[in-house]
Number of protein chains: 2
Amino acid sequence: MPSPDDAAHPHNAASAVDGSPKEPNHLIAACAFSETERAAVYRAIETRRDVRDQFRSDPLPEDLIRRLLEAAHHAPSVGFMQPWNFILVRQAATRDRVWQAFNQANEEAALMFDAGKRAKYQRLKLEGIRKAPLSICITCDTQRAGPVVLGRTHNPATDVYSTVCAVQNLWLAARAEGVGVGWVSIFHEDAIKTILNIPEHVKIVAWLCVGYVDELYDMPELAVKGWRDRLPLDELIFEEGWQADDKES
Amino acid sequence: MPSPDDAAHPHNAASAVDGSPKEPNHLIAACAFSETERAAVYRAIETRRDVRDQFRSDPLPEDLIRRLLEAAHHAPSVGFMQPWNFILVRQAATRDRVWQAFNQANEEAALMFDAGKRAKYQRLKLEGIRKAPLSICITCDTQRAGPVVLGRTHNPATDVYSTVCAVQNLWLAARAEGVGVGWVSIFHEDAIKTILNIPEHVKIVAWLCVGYVDELYDMPELAVKGWRDRLPLDELIFEEGWQADDKES
């Protein structure tokens with residue numbers, strides 16, 4: 001697992017030296033990545049975008065899709081519950097039905113904004129359901145692993161949290177593959193569950209539009225379009241406890 | 001942004017050629033990463049572990065902590081809401097109070113398992129609150145960005161989903177830095193909110209234990225310890241719709 005130049009990092013020299021697997025306890029040396037590798041991880045994180053319109057129409061190779069799903073499947077999960085399923089939707093007819101569900105919900109959403117913001121909202125393209133060649137519906141089976149799940153005893157929503165981690169893993173892997181992902185959340189869950197025949201106890205966590213992209217925005221699209229800016233990180237970091245009750249909300 | 005060898009990937013040759021930023025629309029060439037870079041992203045995803053006991057005691061450099069928080073802050077968020085805060089907890093006295101809250105909840109949790117599993121549960125170490133030199137409490141401010149948030153109109157939990165994406169970004173960046181992270185979720189939320197003085201409208205999403213590690217498990221710890229195995233990915237992938245009502249739950 002350690003790359004050849006791990007020993008160059010002072011914090012890891014010792015463990016790189018005796019880095020051979022120690023059977024049978026399954027503990028192996030865990031060094032920092034090389035500078036190049038670290039930069040790649042940060043590059044995926046910093047250049048990932050929520051894509052709505054830049055999708056190409058050519059289908060993704062099956063082995064690439066598999067790598068994305070493997071990445072998702074390696075997400076952390078509460079009690080190793082792995083509550084996720086991945087429903088691949090390629091048929092245009094199905095994606096069109098889902099788009100209709102989105103469109104109805106989006107018209108409802110527009111009415112929730114005051115008149116000033118509504119016009120701006122309506123000018124934004126918020127999904128690529130029909131344009132991207134692949135959609136992936138990622139669900140959370142709340143009953144997987146039985147009635148009592150290790151780590152989920154005091155917060156039942158941790159199953160959904162695990163599923164979101166799978167989404168983010170897939171998203172970052174996709175960025176590295178030159179594949180854009182857009183997360184659509186504007187729909188009535190029951191409408192999509194009906195279209196895909198999803199059982200009662202299974203929650204839809206994400207509808208992802210997935211396809212190759214040649215271009216991405218150099219900052220979040222909602223910042224480009226003037227909807228909302230990135231907040232200063234310094235204002236979001238507190239030391240030892242909550243430090244403001246009247247901070248910008 | 002494109003690396004020098006992006007052009008070697010057939011899908012990206014065209015965009016690598018005219019890869020210069022196109023002002024003023026903020027769209028720039030978005031190629032697949034180089035093979036080395038892609039491997040680094042997958043390595044972070046596949047070797048990340050939920051760490052409970054392998055923490056070293058030496059403190060993390062401030063610039064490293066900052067890089068982890070920047071990674072978290074670059075997570076996707078619904079309506080670019082950025083609902084997260086990061087409370088850094090280093091004081092041993094505070095971490096000890098939080099551990100007491102964990103310990104009480106963990107004793108309650110043990111009683112929820114039947115007698116056979118309870119003994120096994122009680123042998124597991126499930127947190128590193130006192131051992132890791134740094135804890136980060138990641139919260140979600142449900143009121144940030146006002147009463148109507150773009151994309152959150154039909155699922156109010158998407159603010160928490162965004163915060164979970166920040167957790168996963170931080171976790172993967174930490175892996176690349178040789179830093180272990182353990183997510184603790186066994187506590188009554190109100191107990192921790194009292195300790196850290198967190199307001200009513202702010203939710204605790206994750207308590208992360210953070211510190212350098214020299215070793216990590218080569219598979220999820222709960223698999224190593226015989227609690228639960230990884231599920232076969234093939235059984236979790238469906239085509240076009242839900243394909244089983246009686247699948248292993």
Discussion item. For A/Asn85 and B/Phe238: C-alpha separation, side-chain torsions, deciding distance, then whether side-chain contact (heavy atoms from CB on, under 4.5 Å) applies.
Written reply: CA-CA 7 Å; A/Asn85 283 89; B/Phe238 295 152; 3.6 Å; yes
Ignoring hydrogens, what is the shortest heavy-atom contact between [X] and [Y]? Give both atom names and the distance.
X	Y	answer
A/Met112	B/Val148	O-CG2, 3.5 Å
B/Cys31	A/Arg175	O-NH1, 3.1 Å
A/Val164	B/Cys165	CG1-SG, 3.6 Å
B/Ser185	A/Gly151	OG-O, 2.9 Å
B/Thr139	A/Trp242	OG1-CZ3, 3.6 Å
B/Ala71	A/Ile45	O-CG2, 3.6 Å

Do you know which of [options] has the most heavy-atom pairs with chain A at a distance under 4.5 angstrom?
options	value
B/Ile186, B/Leu233, B/Val202	B/Leu233
B/Lys117, B/Met81, B/Arg49	B/Met81
B/Trp183, B/Phe187, B/Phe86, B/Tyr121	B/Phe86
B/Ala173, B/Ala206, B/Ala72	B/Ala173
B/Met219, B/Glu46, B/Arg48	B/Arg48
B/Leu172, B/Val78, B/Leu124, B/Thr158	B/Leu172

What part of [X] gets closer than 4.5 Å to chain A, counting heavy atoms only: side chain, backbone, both or neither?
X	value
B/Val184	neither
B/Val51	neither
B/Ser77	neither
B/Pro220	side chain
B/Asp229	backbone
B/Gln54	side chain

Practice prompt. Could you give me the CA-CA distance, side-chain angles and deciding distance for B/Arg144 and A/Leu231, then say whether side-chain contact (heavy atoms from CB on, under 4.5 Å) is met?
Written response: CA-CA 11 Å; B/Arg144 190 162 295 162; A/Leu231 301 174; 3.8 Å; yes
Taking side chain as everything from C-beta outward and backbone as N, CA, C, O, which of these in [X] sits under 4.5 Å from a heavy atom of chain B? Side chain, backbone, both or neither.
X	answer
A/Val181	neither
A/Ile237	both
A/Trp227	side chain

Discussion item. Tell me whether A/Gln91 contacts the main-chain N or O of B/Glu240 through its side chain, where contact means a donor paired with an acceptor under 3.5 Å.
Written reply: no
Fill in: Step-by-step side chain to side chain donor-acceptor pair (under 3.5 Å) determination, B/Asn169 to A/Gln168
CA-CA 8 Å; B/Asn169 268 10; A/Gln168 184 64 1; 2.6 Å; yes
Discussion item. Whether A/Arg230 engages the ring of B/Phe80 as a cation-pi pair (distance to the six-membered ring centre under 6.0 angstrom, angle to the ring normal within 45°) should be assessed.
Written reply: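 No; the conditions do not both hold, so A/Arg230 does not lie above the ring face of B/Phe80.
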If I take atom [atom1] from residue [X] and atom [atom2] from residue [Y], how far apart are they, to the nearest 0.5 angstrom?
X	Y	atom1	atom2	value
B/Arg90	A/Glu239	CZ	CD	4.5 Å
A/Leu216	B/Leu27	CG	CG	8.0 Å
B/His26	A/Lys225	NE2	NZ	11.0 Å

Discussion item. Run A/Leu236 and B/His73 through side-chain contact (heavy atoms from CB on, under 4.5 Å) and show every step you take.
Written reply: CA-CA 9 Å; A/Leu236 305 174; B/His73 191 42; 3.3 Å; yes
Among [options], residue most engaged with chain B (heavy-atom pairs, under 4.5 Å):
options	answer
A/Pro83, A/Gly241, A/Ala176	A/Ala176
A/Asn106, A/Val167, A/Val205, A/Leu150	A/Leu150
A/Leu69, A/Asn155, A/Asp50	A/Leu69
A/Lys193, A/Glu221, A/His188	A/His188

Worksheet entry | Those residues that, when tested against B/Tyr42, pass ring pair (Phe, Tyr, Trp, His ring centres under 6.0 Å) (two or more places apart) |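 With neighbours one apart ignored, the set is empty.
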Worksheet item: Hey, are the side chains of B/Tyr217 and A/Ile28 touching, using non-hydrogen atoms and a 4.5 Å cut-off?
Response: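 B/Tyr217 does not reach A/Ile28 side chain to side chain.
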Discussion item. Is there a side-chain contact (heavy atoms from CB on, under 4.5 Å) between B/Glu37 and A/Glu37? Walk through the geometry before answering.
Written reply: CA-CA 6 Å; B/Glu37 289 177 306; A/Glu37 289 177 307; over 6 Å; no
Worksheet item: Sequence neighbours excluded, which residues qualify as side-chain hydrogen bond (donor to acceptor under 3.5 Å, both in side chains) partners of B/Lys120?
Response: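 Here no residue qualifies.
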Worksheet item: Is it true that the side chains of A/Glu108 and B/His154 contain a donor and an acceptor less than 3.5 Å apart?
Response: yes
